[in-house]
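The model shown is predicted, which means the values in this text are computed figures rather than measured ones.
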Amino acid sequence: MRRSLGVGAALALASCGPAPSGFTLLFLGRSPTAQVANLTWAPDPDRSRLVAFDGDLHIVRTIADPRLATPMAVAPLASGRLLVTERTGEGVVFDVAGSGTPVREWTSPFPASLYAAAGDRIVAARSPYFVQFVAEQGSEPLLWLLDTLGHDTQGIGTIHVPEVPYLTQLVNAGAVALDPNDDNVIYFAPLVRDEVLKLDRAGATLWRTPRGLFRQETDPKFVPAPPGKPRDLRVAYAIVSIAIALAPGPKGQLYVLGAQDSGATRLRLDVFDPATGRLVTTRLLGTPQAAVAVNRRGTLRILNPDSLLAQAPVGATREAFGPPFSLPTLAGDTVSLASYRGRVTLVNFWASWCDPCREEFPHMATLYRDFARSDFDIAAISDDVDDGKMRAFVHEFRPPFPILVGGGRMKGTYHYRGLPYSVLLDRHGRIVERIFGFGGAAEFSRLRDTIAKEIGAP
């Protein structure tokens with residue numbers, strides 16, 4: 001279960017030291033940021049939202065949306081728009097200069113993609129955040145150029161196929177960045193190989209710089225399964241590069257966030273001259289997460305990402321859940337969203353074919369019984385198309401709360417990324433938080449505490 005706080009949810013304010021005025025945030029956690037107008041945007045995957053920082057690194061705006069299940073990276077587009085990389089590889093474009101609403105989304109050209117952008121130029125790489133074992137042919141491009149609708153238009157470079165072809169995605173995944181001042185330049189840092197590349201649009205290498213981490217570059221390989229566990233296969237590899245960014249300004253340097261150790265439990269920051277590829281400096285960060293900021297003079301600040309994200313957004317308010325629904329129950333009655341007003345309500349979307357939904361239902365039943373109906377309710381909306389399978393599911397679990405029939409139209413209406421998907425509403429029908437997936441008993445324990453606090457709120 002991944003929990004997304006509503007826009008106006010109160011967060012504990014943690015100190016992160018004096019505000020580093022005049023600094024631009026390059027990385028937050030393990031993700032690159034993006035500047036749009038006078039704000040720096042960053043993904044907050046643990047809370048399923050986007051956050052915007054001002055020049056003093058104060059959070060001034062947040063965006064939460066059903067399309068933002070696990071945003072991993074952001075990139076600036078023209079006209080005040082932001083391109084978001086979802087963990088599973090979808091691209092989502094938001095109008096952050098205006099309403100903050102999604103403009104379009106597209107499927108991934110790779111099994112999972114990472115997107116970089118500058119103006120109207122977009123490039124896709126195999127994602128370092130979600131690697132799948134997929135065999136590929138040696139003729140596949142290393143990168144794709146995309147148009148603003150997410151359609152691939154030109155392949156760039158060619159991939160390296162390892163001895164074990166099923167590790168091709170892993171070997172060719174990596175961080176990517178575009179130079180806003182040069183339409184012919186792409187920077188690429190492979191996830192598991194010790195090199196940083198500067199490529200042109202044709203895929204030719206302009207420079208290649210290793211960092212000297214390995215005496216000899218070797219491909220990842222499968223580790224033999226332990227005795228008696230033939231399916232317990234593991235892959236031996238070292239994480240080298242995680243994210244890449246260019247500092248703002250025509251003379252900005254190239255920053256690569258990578259690993260000091262093979263498992264990326266201790267990060268390092270390498271700074272390159274983008275013109276020559278010369279390694280300027282290396283800074284060992286020693287933590288698994290970091291926030292990295294730089295000013296125009298190239299002075300670095302390393303901050304605590306949790307402290308930055310713990311700030312309460314300035315002037316934020318909770319948004320109303322919508323669009324309102326009016327749906328039949330299995331008994332043939334009609335229930336509307338308005339009928340839940342005055343109670344804290346968990347709106348849950350599920351389907352009979354969703355295995356995590358099957359695990360979640362007993363927890364929801366317990367949660368339903370823990371509170372009085374005058375205080376708390378559950379609107380469980382089935383998105384099944386097959387009426388028989390939906391009824392068989394209900395007969396198996398016999399939930400104490402009523403089931404509403406969505407008839408397969410709910411994803412098209414509410415645009416959620418996957419199931420189960422829930423939205424917790426306060427007594428006024430405003431969003432407290434969004435919940436993606438099923439996270440077990442611990443997550444439901446935290447949800448129970450949140451519900452109790454909302455019931456007691458004025």
Side-chain angles (χ1 to χ4, degrees), residues 1 3-4 6 66 320-411 413-414 416 418-457:
M1 181 187 296
R3 310 177 73 191
S4 168
F321 175 77
F325 57 78
S326 182
L327 297 170
T329 67
L330 290 179
D333 302 322
T334 298
V335 175
S336 67
L337 176 64
S339 64
Y340 293 94
R341 183 67 66 113
R343 288 167 285 172
V344 177
T345 302
L346 185 69
V347 181
N348 172 262
F349 297 91
W350 65 276
S352 62
W353 43 261
C354 163
D355 288 338
C357 299
R358 305 180 71 86
E359 297 181 62
E360 185 178 63
F361 251 60
H363 292 275
M364 286 204 302
T366 301
L367 192 67
Y368 186 78
R369 296 185 180 103
D370 284 346
F371 299 99
R373 291 291 73 75
S374 58
D375 291 326
F376 174 71
D377 212 335
I378 292 179
I381 304 175
S382 165
D383 206 17
D384 276 289
V385 176
D386 190 312
D387 184 77
K389 291 182 179 179
M390 175 189 63
R391 291 180 180 275
F393 181 101
V394 174
H395 179 75
E396 177 183 352
F397 287 96
R398 300 185 181 277
F401 42 82
I403 298 297
L404 309 185
V405 181
R409 301 181 299 274
M410 295 298 97
K411 185 173 184 179
T413 301
Y414 293 98
Y416 47 77
L419 294 177
Y421 168 59
S422 298
V423 187
L424 182 65
L425 309 181
D426 63 18
R427 292 183 185 272
H428 305 285
R430 300 172 305 188
I431 297 174
V432 178
E433 64 183 38
R434 292 179 170 88
I435 304 165
F436 298 87
F438 169 65
E443 287 286 356
F444 264 87
S445 177
R446 287 190 285 271
L447 178 59
R448 184 179 293 103
D449 292 341
T450 302
I451 293 168
K453 291 178 182 177
E454 286 299 317
I455 290 173

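Side-chain atoms of Val423 and Glu433, non-hydrogen and from C-beta on, never get closer than 4.5 Å to each other. You'll find the side chain of Ile431 reaches within 4.5 Å of the side chain of Leu425, heavy atoms only. Using a 4.5 Å cut-off on side-chain heavy atoms (C-beta onward), Thr329 and Ile403 make no contact. Annotation: side chain of Leu367 is in contact with side chain of Phe376 (closest heavy-atom distance under 4.5 Å). Side-chain contact check for Thr334 versus Ser326: some heavy-atom pair is nearer than 4.5 Å.
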For this session: Evaluate the side chain to side chain contact (heavy atoms under 4.5 Å, CB included) criterion for residues Val405 and Ser382: first the C-alpha distance (whole Å), next the side-chain angles of each, then the deciding distance (0.1 Å), finally the verdict.
Result: CA-CA 5 Å; Val405 181; Ser382 165; 5.8 Å; no
Problem set entry | Derivation of the side chain to side chain contact (heavy atoms under 4.5 Å, CB included) call for Val432 and Glu454 | CA-CA 9 Å; Val432 178; Glu454 286 299 317; 3.8 Å; yes
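A distance of 10.0 Å separates CG of Leu337 from CG of Leu327, quoted to the nearest 0.5 Å. One distance of note links CZ of Arg434 with OH of Tyr421; it measures 4.5 Å at 0.5 Å rounding. If you take CG on Asp377 and OH on Tyr340, they are separated by 5.5 Å, rounding to the nearest 0.5 Å. Expressed to the nearest 0.5 Å, how far SG of Cys354 lies from CZ of Phe438 amounts to 10.5 Å. With rounding to the nearest 0.5 Å, the separation of CG in Asp387 from CE in Met390 is 4.0 Å.
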List the atom pairs, donor and acceptor, that lie under 3.5 Å between side-chain atoms in residues 344-352 and the rest of the protein, sequence neighbours left out.
from: Thr345; atom 1: OG1; to: Arg343; atom 2: O; distance (Å): 3.2
from: Asn348; atom 1: ND2; to: Glu360; atom 2: OE1; distance (Å): 3.1
from: Asn348; atom 1: ND2; to: Ser422; atom 2: OG; distance (Å): 2.8
from: Ser352; atom 1: OG; to: Asp384; atom 2: OD1; distance (Å): 2.6

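Within the structure, every pair that satisfies the salt bridge (charged side-chain N to carboxylate O under 4.0 Å, His left out) test and touches residues 362-375, not counting sequence neighbours, is listed here: Asp370-Arg448, Asp375-Arg427. Identified under the salt bridge (charged side-chain N to carboxylate O under 4.0 Å, His left out) test for residues 393-409, with sequence neighbours left out: Arg358-Glu396.
Looking at Tyr416 and Asp383, their side chains do bring a donor and an acceptor atom within 3.5 Å of each other.
Between Phe361 and Phe401, the gap from one ring centroid to the other is short of 6.0 Å.
The residues Asp449 and Lys453 are annotated as not salt-bridged, no charged nitrogen and carboxylate oxygen being separated by less than 4.0 angstrom.
In this structure, Leu404 and Ala379 approach most closely via the heavy-atom pair CD1-CB, 4.3 Å.
Using the six-membered ring where Trp is involved, Phe325 and Phe321 have ring planes that are perpendicular, over 60° apart on the 30 and 60° scheme.
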